[in-house]
There are 2 protein chains.
Amino acid sequence: MKLSTKSEYACLALIDLSENYDTGYIKIEDICHRQNLPRKYIEQILLTLKTAGYVKSRRGANGGYMLAKEPGQISLAEIVRLMDGALAPVNSVSKYFYECTPLEKNDALIKVFREIRDYTSDKMENTTFANLISE
Amino acid sequence: MKLSTKSEYACLALIDLSENYDTGYIKIEDICHRQNLPRKYIEQILLTLKTAGYVKSRRGANGGYMLAKEPGQISLAEIVRLMDGALAPVNSVSKYFYECTPLEKNDALIKVFREIRDYTSDKMENTTFANLISE
DNA sequence: TCTTTCTCTATAGAAATAGTAGAGATTATA
DNA sequence: TATAATCTCTACTATTTCTATAGAGAAAGA
């Protein structure tokens, strides 16, 4: 039932970029230093976020990363799905990552997991990085 | 955010035993056949469930497994915690498996995850195997 | 041209996942 | 009491996932 560090770090990096949304490009080094994250790992994560269109970058002196959308336009759900896959506790009740499993025969069990999925999903869909910044 | 097959199989095995609660000892073979589960893996899982006090067993002819408690006395939450650990999406908001993580500095994020944990936990605490049986 | 910074691909160790194998212990029953 | 049935226990293993690290390369700016 747990998030990977990849999701956690992606969130922290995006929070850092959100808090510095109007400061121009931010160096990976600065993000890692402020948030206390492993440098080379964050490079990879930022690249994934870039490919998915959440951040943009520039190379060379004064280069770095910045958000490609407003903090309010990026939801927690999108980021966790990108980094970790399904939010649902079992794939049988996943909207975006559905898969058949033996559990599926049991309606009562499916109902419980579906309710958990729906709550989790709603909560994360409705949380944007604008809600997560402290400054 | 996903359950392991260990949790899923443990639930299916317990559902099978719940549905046959008053039929005496049930052979592993029968459980696996009805629920379509891998035999040797289920042996291990049942052993874990036995050690934790949820089922009891008898060897030899007419042996097998049966619940050690009433279906209504066993919650989904207990079983998933036993097999998979924390229900919480991050250990920083786990009641039984708390651990400090870098996320912890961000109050808004912690709040979201705590609400998800509370919902998941409540839902699973309040679902017993009596709620999950079909017959 | 030199320095800075991101880019891209490959690699790797550790842990978790999802089982399998097989000898041993116990129980019922013929 | 022999035998078959069934659980018990420990060890093993293959695969995948997780959590990174390494290093050469490309682009931008001074």
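Residue numbering restarts at 1 for every chain, and letters A, B, ... go by the order of the sequence lines. Keep in mind that this is a model prediction, so the values were computed, not measured.
Note on A:Leu46: nothing from the nucleic acid sits closer than 4.0 angstrom, heavy atoms only. Using a 4.0 Å heavy-atom cutoff across all strands shown, A:Gln44 reaches at least one base atom of the nucleic acid.
Residue A:Lys69 qualifies as enclosed at atom NZ: its count of foreign heavy atoms under 6.0 Å is above 12. Applying the 6.0 Å contact sphere to NZ of B:Lys111 captures no more than 12 heavy atoms from other residues, nucleotides or ligands.
One interatomic measurement links the two molecules: CD1 of A:Ile31 to C1' of C:dT5, which rounds to 12 Å at whole-angstrom precision. Straight-line distance from the CG atom of B:Leu47 to the P atom of C:dG19: 17 Å, rounded to whole Å. Distance A:Asp84 CG to D:dC18 P: 7 Å, rounded to the nearest Å. Following rounding to the nearest Å, A:Met66 (CE) and C:dC6 (P) show an atom-to-atom distance of 14 Å. Spacing between atom OH of B:Tyr25 and atom P of C:dT26 amounts to 16 Å, rounded to whole angstrom units. Atom CG in B:Asn91 sits about 15 Å away from atom P in D:dC18, given to the nearest Å. One can place CD of B:Glu8 at 15 Å from C1' of C:dG19, the figure rounded to the nearest angstrom. Atom NZ in B:Lys2 sits about 15 Å away from atom C1' in D:dC18, given to the nearest Å.
Nearest-nucleotide assignment on DNA chain C puts the 5′-proximal partner with B:Met83, out of B:Met83 and B:Arg39.
Using bins of under 30°, 30° to 60° and over 60° for the plane-to-plane angle, the ring pair B:Tyr119/A:Tyr119 lands in the parallel bin.
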Next on the checklist: Working note: A:Glu125 + A:Arg81, criterion salt bridge (Lys or Arg N to Asp or Glu O under 4.0 Å); need CA distance, chi angles, decisive distance, verdict.
Outcome noted: CA-CA 11 Å; A:Glu125 300 281 7; A:Arg81 284 203 186 96; 3.1 Å; yes
Item to check | Nucleic acid footprint by protein, nucleotides 23-30 of chain D - heavy-atom cut-off 4.0 Å, B for base, S for sugar-phosphate alone | outcome: B-BBSBSS
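For C:dT7, the OP1/OP2 oxygens have a side-chain nitrogen or oxygen of A:Lys50 closer than 4.0 Å. Within the structure, a side-chain polar atom (N or O) of A:Ser57 is placed less than 4.0 Å from OP1 or OP2 of C:dT7. Between A:Tyr9 and D:dA20, a side-chain N or O to OP1/OP2 separation shorter than 4.0 Å is present. When the side-chain nitrogen and oxygen atoms of A:Ser4 are compared with OP1 and OP2 of D:dC18, none of them lie within a distance under 4.0 Å.
Proximity of A:Ser7 to A:Val80: side-chain heavy atoms (C-beta onward) are separated by under 4.5 Å at one or more points.
No single ILVMFWY cluster, assembled from side-chain heavy atoms under 4.5 Å apart, contains both B:Tyr25 and B:Ile42.
Each of A:Leu14, A:Ile45, A:Ile31 was scored for a side-chain contact (heavy atoms from CB on, under 4.5 Å) with A:Tyr9, with one residue passing: A:Ile45.
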